[in-house]
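Reading through the structure tokens given below for one structure.
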Amino acid sequence: MFTLHAAVLRRAQRRCAGWAPPARRGGSGPAKAWVAALDASRTVPFNLLAAMKTEIADAPPLDIALVASKLAKARWRRAGRKEVAGVLDAAAAHLVQAKAVGKMTPYDTSMLMHAFAKCAHHHAPLMNHVAGEVAPRAASFNPFALSMTVWAYATLKCTHGELFSAAAQEGARQVGNFQPAGLSLTVWAFATVQHVAPELFECVAAKATTQIGQFNSQNLANTVWAYA
């Protein structure tokens, strides 16, 4: 299986068309302190993880996405994997029970799923809930949010027919706004979960041929692998 190196993914995120990070929030309530602690520490204190697990259900959905994203970037030791998983499970259970994903922006939704994928944490109820919320409003997702969402599902080896079908339709419609990195990530995700999307792949191929000189070696490798 062809995989994407973390550094390559970060570069791809920055290059995806339509990506303009919103003004970064510092969180509110307890989440504000958690974000500050994660930003200040090279590792994640175990007592902080314990507090997060207990209190994260009280945080607004957007703060949960922010905290999850910070956790995904933190250098937590292998010994802390269970504790991090506990925080993510608590956050996911709350989001599903409160049906809160519908209140999140496409950017925050995509970065929430990106965080779970970076932590290699598959929470089936959350994946199903997010897919059910995203599919009907895929048109509101820009190229960055679309590519990051399908990348997360593929990385977690989770296929959801309704989500990928909606993403395929929207990806084909917006293909003119994708840069090479976004095209590469998207077709890689579809090929990884083996979701057949002929119209999307035809549109990407047509777009890619006009930008082939802008593809770096990783973009080329991902794209060729997806079509193989």
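Index from 1, following the sequence.
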Roughly how far apart are T223 OG1 and I212 CD1, rounded to 0.5 Å?
7.5 Å

When rounded to the nearest 0.5 Å, the distance separating CZ of F164 from OG1 of T186 is 10.0 Å

So, does N222 use its side chain to make a donor-acceptor pair with the main chain of N219 at under 3.5 Å?
no

Can you name the nearest heavy-atom pair linking G102 to E133, along with the distance?
CA-OE1, 3.5 Å

Heavy-atom closest contact (W34 atom, A51 atom, distance):
CZ2-O, 3.9 Å

Is L220 reachable from V175 through a run of I, L, V, M, F, W or Y residues, each pair having side-chain heavy atoms under 4.5 Å apart?
yes

Would you find a donor on one side and an acceptor on the other, under 3.5 Å apart, between the side chain of S147 and the backbone of P143?
yes

What heavy-atom pair brings A68 and L88 nearest, and what distance separates the two atoms?
CB-CD2, 4.3 Å

Regarding D58 and H94, is there a side-chain donor-to-acceptor distance under 3.5 Å anywhere?
no

Kindly compute the distance separating CD (Q211) from CG (L183), expressed to the nearest 0.5 Å.
6.0 Å

Do the side chains of H121 and D89 get nearer than 4.5 Å, heavy atoms only?
yes

Could you check whether any side-chain heavy atom of C119 comes within less than 4.5 Å of a side-chain heavy atom of R81, counting everything from C-beta outward?
no

Find out whether T159 and Q194 are in side-chain contact, i.e. whether some heavy atom of one side chain is under 4.5 Å from a heavy atom of the other.
no

Kindly indicate whether the side chain of L38, heavy atoms from C-beta on, has any atom under 4.5 Å from the side chain of M52.
yes

Below 30° counts as parallel, above 60° as perpendicular, anything between as tilted: where do the rings of W151 and H114 land?
tilted

Strictly distance-based, threshold 3.5 Å: is any side-chain N or O of Y227 a donor or acceptor partner for the main-chain N or O of A205?
yes

Does the E202 side chain pair with the main chain of A172, one donor and one acceptor, at a distance under 3.5 Å?
no

Would you call L112 and M148 a side-chain contact if the rule is heavy atoms closer than 4.5 Å?
no

Set out, in order, the CA-CA distance, both residues' side-chain angles and the distance that settles side chain to side chain contact (heavy atoms under 4.5 Å, CB included) for M127 and H122, then state yes or no.
CA-CA 8 Å; M127 303 292 283; H122 186 291; 4.3 Å; yes

Can you name the nearest heavy-atom pair linking A31 to V67, along with the distance?
CB-CG2, 4.0 Å

Minimum side-chain heavy-atom gap P61-L95 below 4.5 Å:
yes

State the CE-OG1 distance between M111 and T149, to the nearest 0.5 angstrom.
9.5 Å

Do any N or O atoms from the side chain of T209 and from the backbone of A206 form a donor-acceptor pair under 3.5 angstrom?
yes

Output for pair (M104 CE, S110 OG), nearest 0.5 Å, gives 8.5 Å

Take atom CD in E199; do more than 12 heavy atoms of anything else shown fall under 6.0 Å from it?
no

If you measure from OG on S184 to CG on N216, what distance do you get to the nearest 0.5 Å?
8.0 Å

Side chain T210, main chain K207, donor-acceptor under 3.5 Å
yes

Is it the case that atom CD in Q169 sees more than 12 heavy atoms from other parts of the structure closer than 6.0 Å?
no

Decide yes or no for E170 and F141: does some side-chain heavy atom of the first lie under 4.5 Å from some side-chain heavy atom of the second?
no

Counting only N and O atoms by type, is there a donor-acceptor contact under 3.5 Å from the side chain of Y153 to the main-chain atoms of A131?
yes

Minimum heavy-atom distance between F201 and A226, given as atom pair plus value:
CE2-O, 3.8 Å

I want to check something: taking the side chain as every heavy atom from C-beta on, are V187 and W225 in contact at a cut-off of under 4.5 Å?
no

Are the side chain of T109 and the backbone of T105 linked by a donor-acceptor contact shorter than 3.5 Å?
yes

Would you call the rings of H195 and F190 parallel, tilted or perpendicular, taking 30° and 60° as the class edges?
perpendicular

All heavy atoms of L49 vs all of E83, minimum pair found to be CD1-CB, 3.5 Å

Would you call the rings of Y107 and F144 parallel, tilted or perpendicular if under 30° counts as parallel and over 60° as perpendicular?
parallel

